[in-house]
Protein chains: 2
Amino acid sequence: MKKRVITISREFGSGGHSIGKSVAKTLGIGFYDQELLEKIAEETGFSKEFIEEAAEYSTAKNSLLFNVVMNRSLHGRTEPSPADTIYFAQAKIIKNLAEKESCVIVGRCSDYILRDNSDCLHIFIYSDMEDRAKRILERYGDSEKPIQKRITDKDTRRKIYYSHYTDRPWGIPQNYDLCLNSGALGEELCVNSIINVFNRLSKKRMD
Amino acid sequence: MKKRVITISREFGSGGHSIGKSVAKTLGIGFYDQELLEKIAEETGFSKEFIEEAAEYSTAKNSLLFNVVMNRSLHGRTEPSPADTIYFAQAKIIKNLAEKESCVIVGRCSDYILRDNSDCLHIFIYSDMEDRAKRILERYGDSEKPIQKRITDKDTRRKIYYSHYTDRPWGIPQNYDLCLNSGALGEELCVNSIINVFNRLSKKRMD
């Protein structure tokens with residue numbers, strides 16, 4: 001049987017990280033979320049914090065904030081920006097991982113980077129605002145910014161980062177094989193559904 | 001156990017009708033697709049053909065085509081248009097069905113009409129252009145209009161009809177509990193996934 005990979009894209013606060021972790025544990029395969037960040041840091045020499053910021057602020061092409069954070073010249077450039085360097089490094093790392101081992105990869109445009117990999121299952125996890133707010137407050141606690149604003153800001157940044165590098169909209173079903181509403185189904189049933197689909201597709205391919 | 005309903009929204013050519021039919025058959029519950037059309041025709045007095053056209057052309061609010069087809073005055077009106085009459089009748093019929101029996105309902109904004117029904121599972125079936133084109137050509141044959149144009153035209157009409165009556169965008173994951181790519185998973189695995197989720201949620205509610 002060929003090695004198989006699951007990518008998990010997720011809305012902030014939807015429980016995608018935790019669902020991916022349980023899927024990997026149940027299947028006994030690797031799990032890459034924060035671990036990916038470490039690999040990118042090693043490859044590029046940037047700090048993990050800077051890499052996380054790059055994914056958050058590599059947004060509007062002409063945004064002053066983006067250019068300041070990324071130290072990108074406002075008047076053109078001849079070499080890749082730090083954000084581009086990070087993206088190309090993560091694409092290389094994700095492709096190598098998928099080549100090398102069966103695993104679960106969370107975020108970082110992995111669904112797009114591995115879009116032509118037929119042995120790859122692409123999942124999207126989402127939920128309603130109320131459910132996401134509850135999960136975020138439990139996990140990260142409250143802050144000065146209202147919770148709804150924290151969520152929509154994060155969603156916006158992810159959408160812009162994704163469409164900047166992939167040239168397709170973020171979070172539309174057509175990017176994925178299976179989209180699960182973790183608020184409506186619960187995390188356990190999301191995990192169960194992903195494993196059911198993964199196992200049945202693997203079985204089919206073995207026949 | 002409380003009665004349960006499954007709504008299936010689908011892209012044209014994604015196999016949603018056939019998947020819904022298999023789900024209903026496997027679960028031994030009612031299936032409403034064309035049958036819904038008959039009930040609406042009975043309730044409103046309009047022909048089935050006219051009702052189908054209403055769902056296709058009840059589009060841009062100021063579209064000349066819409067107003068001509070629906071015999072709606074271009075200069076305001078005091079009573080519901082035929083399209084509105086049809087929508088309100090279908091909403092009433094769908095609510096009654098969901099109240100009365102466990103069943104699968106395909107299309108007709110049923111996901112929106114039953115959005116507050118907690119015993120209802122909302123599914124979206126979609127697929128890529130190539131897969132949909134293949135299925136449409138097999139089922140309906142070729143026509144003068146290029147297949148890709150037939151698909152995008154139908155998608156556009158469904159989107160406009162849906163957002164006109166529901167005030168929310170059509171086909172975004174957040175409207176549904178589960179979204180399945182029938183081209184990537186195959187119809188059988190879509191049916192299996194829906195039944196798995198349905199049964200597990202029902203079991204949970206009985207505990």
Side-chain angles (χ1 to χ4, degrees), chain A residues 6-7 9-11 14 16 111 114-132 151-152 155 159 168-205 207, chain B residues 6-7 9-11 14 16 111 114-132 151-152 155 159 168-205 207:
Chain A
I6 299 174
T7 70
S9 309
R10 77 290 181 221
E11 285 185 336
S14 67
D111 61 310
L114 300 176
R115 68 194 177 283
D116 295 326
N117 186 332
S118 63
D119 279 341
C120 196
L121 184 66
H122 302 295
I123 308 288
F124 181 60
I125 309 287
Y126 59 98
S127 190
D128 64 30
M129 188 58 83
E130 200 184 339
D131 178 68
R132 294 163 68 193
I151 293 175
T152 52
D155 280 353
K159 276 179 194 171
R168 63 185 200 182
W170 179 82
I172 60 165
Q174 289 73 11
N175 295 346
Y176 313 102
D177 301 322
L178 182 65
C179 309
L180 298 148
N181 184 330
S182 57
L185 306 186
E187 286 193 22
E188 201 184 317
L189 188 47
C190 289
V191 172
N192 171 281
S193 295
I194 296 167
I195 289 173
N196 180 50
V197 165
F198 180 85
N199 283 340
R200 285 182 180 256
L201 282 179
S202 304
K203 191 173 171 288
K204 204 169 158 188
R205 280 162 203 244
D207 288 346
Chain B
I6 299 173
T7 69
S9 308
R10 77 288 181 223
E11 284 186 335
S14 67
D111 61 311
L114 300 176
R115 68 195 178 284
D116 295 326
N117 187 332
S118 63
D119 279 341
C120 197
L121 183 67
H122 302 296
I123 309 288
F124 182 60
I125 309 287
Y126 59 97
S127 190
D128 64 30
M129 189 58 85
E130 199 184 340
D131 179 68
R132 293 162 68 193
I151 293 175
T152 52
D155 280 352
K159 275 179 193 170
R168 63 185 198 181
W170 179 82
I172 59 164
Q174 289 74 9
N175 296 346
Y176 312 102
D177 301 321
L178 182 66
C179 308
L180 299 147
N181 184 331
S182 56
L185 305 186
E187 286 194 22
E188 202 184 315
L189 187 46
C190 289
V191 172
N192 170 281
S193 295
I194 296 168
I195 290 174
N196 179 49
V197 165
F198 181 86
N199 283 340
R200 284 181 180 257
L201 282 180
S202 303
K203 192 172 170 289
K204 203 170 160 187
R205 280 163 204 246
D207 288 345

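Treat the numbers as computed from the prediction; the structure is a model and nothing was measured.
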Contact list for residues 179-192 of chain A, test salt bridge (charged side-chain N to carboxylate O under 4.0 Å, His left out), sequence neighbours left out: Arg135(A)-Glu187(A)
- request: Report the residues that fulfil side-chain hydrogen bond (donor to acceptor under 3.5 Å, both in side chains) with Asp111(B), sequence neighbours left out, ordered by chain and then residue number.
  value: Tyr162(B), Arg168(B)
query: Side chain of Asp177(A), backbone of Asn181(B): donor and acceptor closer than 3.5 Å?
result: no
statement: In short, Pro173(A) meets Gly171(B) closest at the heavy-atom pair CG-O, 3.4 Å
message: Sub-4.5 Å heavy-atom contacts with chain B: which residues of residues 124-132 of chain A show up?
response: Phe124(A), Tyr126(A)
field: Contacts of type side-chain contact (heavy atoms from CB on, under 4.5 Å), residue Asn192(A), not counting sequence neighbours
entry: Leu189(A), Asn196(B), Arg200(B)
